Every structure is written in C-alpha cells, then in structure tokens.
Participant: 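Below are the structure tokens for one structure; questions will follow.
All values derive from a computational prediction rather than experimental measurement.
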Amino acid sequence: MRSFIFLLFLLVVFSCEEDEFDTYVGRNYLSFYDNPATDSIVETFFFHFGKEEIEVPVKFNLGGKLLTEDCPIRLSVIDSLSGLLQDGKVVSALSDEDFVFPEQMIFHKGVNVDSIFVVLKKTAKLDNAYCRVVLQIMPNDYFEVGETAYRQAKIYFTSAIDTPLWWDEDIVNYYLGVFSPKKYEVFCREIGVTDLTDVEEKYIREYALQFKRYLEANPEYELDGSRMKVSVIG
C-alpha cells in the first residue's frame, strides 16, 4: 500500500513538472540584439548626402521556440530619456517630425533574429546637436520581455560633421587624403558614392582616381583656401 502511494506521489510530481516545463518552453521572449550600454546606434545625416530621411535597422533576438506565424512587436519610447541633447541631458522632447516607427512592427516566423526600421528625419535642430531616442520592448500576447540588459535600444542622430569610420588611415595615405567636410561633400556630389564601408580595394582606387581627375579639371578649395588634394597615385 505504501509503495502504491509513493508511486502515485511520484507520478503527480513528474506530471506537474512536465506541465510547468511545457508552459515555460511555450513562451517567447524578445530582446534587442545589442546591449545599449556598449552598442548604441549612431547616425549622422552628413554622411547620407542629400537625404532628408534615413531608415535605421533595429535588431531583435528571439528566445524560445521559432515562430510558426508572423507576430507583432510592441515598443514604447522612454520620454524621459529621449529628446534633443545638450551636455548629455534632454532639453526638449521629440515628435513625429523627428522620427517615426513603421506602420507594422513584425517578428517574422522561422527566424531567431529579425529587424524593424525606424525612420529618422533631418531637421534644423540636428545641425549642431544630437537627438536620442530610447526604445523599450513591451510585453504583448505573443512575447514576454527578455533579459534586462537588452530591454532597451538607444538611437543617436545628428547632422553634425564628423569623420566617417571608413575614412581610415589607408584611405588617408593611399586614396583620398586627409578628411575635410568640404572634400567629403564634393566627393559625394561628383562621384555619387557616400560610403566606402566594405568596398573592395580596386573600386576604392577607381573612385579615388575619378575624383583626382575631377579635381585636376575642376580645382576645388578647402575652407582655409588651400587647394583640395588626394593621395592616390595614377
């Protein structure tokens, strides 16, 4: 009799554990792909020559089983952390004139990583300052919120001038010479290329030679009055 009762007890315990496990693995957890403490998104309109709007991908990780159907994502903006920045502090709020979410935010079936695209808009306030948008994942009928460190995403955007990451030492020494905002503007306008990230060396050289030929036929001058030069040989 005691053996029977003990066996029945074990069956009840394992049955509960199995039910709990099934419930757990049935949940899906959504997190941002990047840690906002170390991997904020930074965009500069100056390097998107002639564009008044740019689409920025925001990536997500799925925790749990792969989806069998497309499911909506729910996000919110943390207003206290979002806005125009001065000395690292928010001094005014943002609106639909500054950025917008896509009409549909979907995590697609059959994938572990997916993205939505936030549209950033170029306004006069960006000429000498940064704006920041801090996004937060919200739970809904399809997703719980994942790991705490990955529940937010930070997007910074500006029109202020800075050297693009791809304009590195090799570009300076062998192709386009020292960076200047004026040179970059002329290069984009005349060559029709705004970004050399991951471009093969042979094409970088070709663009640089095209730019050199243009400058030889149409001298351009830096803001200090010096003639614009490139370093490519040929």
Participant: Test Phe99 against every option in Thr123, Val119, Val77 by the side chain to side chain contact (heavy atoms under 4.5 Å, CB included) rule and name the one that passes.
Facilitator: Val77

Participant: Not counting sequence neighbours, which residues clear ring pair (Phe, Tyr, Trp, His ring centres under 6.0 Å) with Phe187? List them please.
Facilitator: Phe211

Participant: Verify the neighbour count for atom OH of Tyr174: are there more than 12 heavy atoms of other residues, nucleotides or ligands below 6.0 Å?
Facilitator: no

Participant: Please list all pairs meeting salt bridge (Lys or Arg N to Asp or Glu O under 4.0 Å) that have one or both residues in residues 221-234, counting only residues at least two apart or in different chains.
Facilitator: none

Participant: Going by the rule side-chain hydrogen bond (donor to acceptor under 3.5 Å, both in side chains), which residues pair with Glu55 if we only count those two or more places apart in sequence or in a different chain?
Facilitator: none

Participant: Which residues pass the side-chain hydrogen bond (donor to acceptor under 3.5 Å, both in side chains) test with Tyr175, sequence neighbours left out?
Facilitator: Glu201

Participant: Test of understanding: with ring pair (Phe, Tyr, Trp, His ring centres under 6.0 Å), list the residues that count as partners of Phe157, not counting sequence neighbours.
Facilitator: none

Participant: Sequence neighbours left out, what pairs pass ring pair (Phe, Tyr, Trp, His ring centres under 6.0 Å) with at least one residue falling in residues 131-156?
Facilitator: none

Participant: Considering only distance and modelled atom types, tabulate donor-acceptor pairs under 3.5 Å from the side chains of residues 39-49, sequence neighbours left out.
Facilitator:
unit_1	atom_1	unit_2	atom_2	d
Ser40	OG	Pro36	O	3.3
Glu43	OE1	His48	NE2	2.9

Participant: Has Asn128 got more than 12 heavy atoms of other residues, nucleotides or ligands less than 6.0 Å from its CG?
Facilitator: no

Participant: Donor-acceptor pair, Lys183 side chain versus Leu176 backbone, under 3.5 Å?
Facilitator: yes

Participant: Is it the case that the side chain of Ser159 and the backbone of Asp127 share a donor-acceptor pair, with hydrogens and angles ignored and the cut-off at 3.5 Å?
Facilitator: no

Participant: Using salt bridge (Lys or Arg N to Asp or Glu O under 4.0 Å) as the criterion, list what pairs up with Asp98, not counting sequence neighbours.
Facilitator: Lys125

Participant: Could you work out, with side-chain hydrogen bond (donor to acceptor under 3.5 Å, both in side chains) as the rule, every residue matching Asn61, not counting sequence neighbours?
Facilitator: none

Participant: Within the supplied structure, the quantity of interest is the number of heavy atoms (other residues, nucleotides, ligands) at a distance under 6.0 Å from Leu165 CG; does it exceed 12?
Facilitator: no

Participant: Could you tell me whether Phe32 and Phe60 have their ring centroids closer than 6.0 angstrom?
Facilitator: yes

Participant: With ring pair (Phe, Tyr, Trp, His ring centres under 6.0 Å) as the rule and sequence neighbours excluded, what pairs involving residues 212-234 come up?
Facilitator: none

Participant: Only counting residues at least two apart or in another chain, list the ones meeting salt bridge (Lys or Arg N to Asp or Glu O under 4.0 Å) with Glu69.
Facilitator: none

Participant: Looking at residues at least two apart in the chain, or sitting in another chain, which of them share a side-chain hydrogen bond (donor to acceptor under 3.5 Å, both in side chains) with Arg151?
Facilitator: none

Participant: Measure from the side-chain N and O atoms of Trp166 to the backbone N and O of Val199, and report whether any donor-acceptor pair falls under 3.5 Å.
Facilitator: no

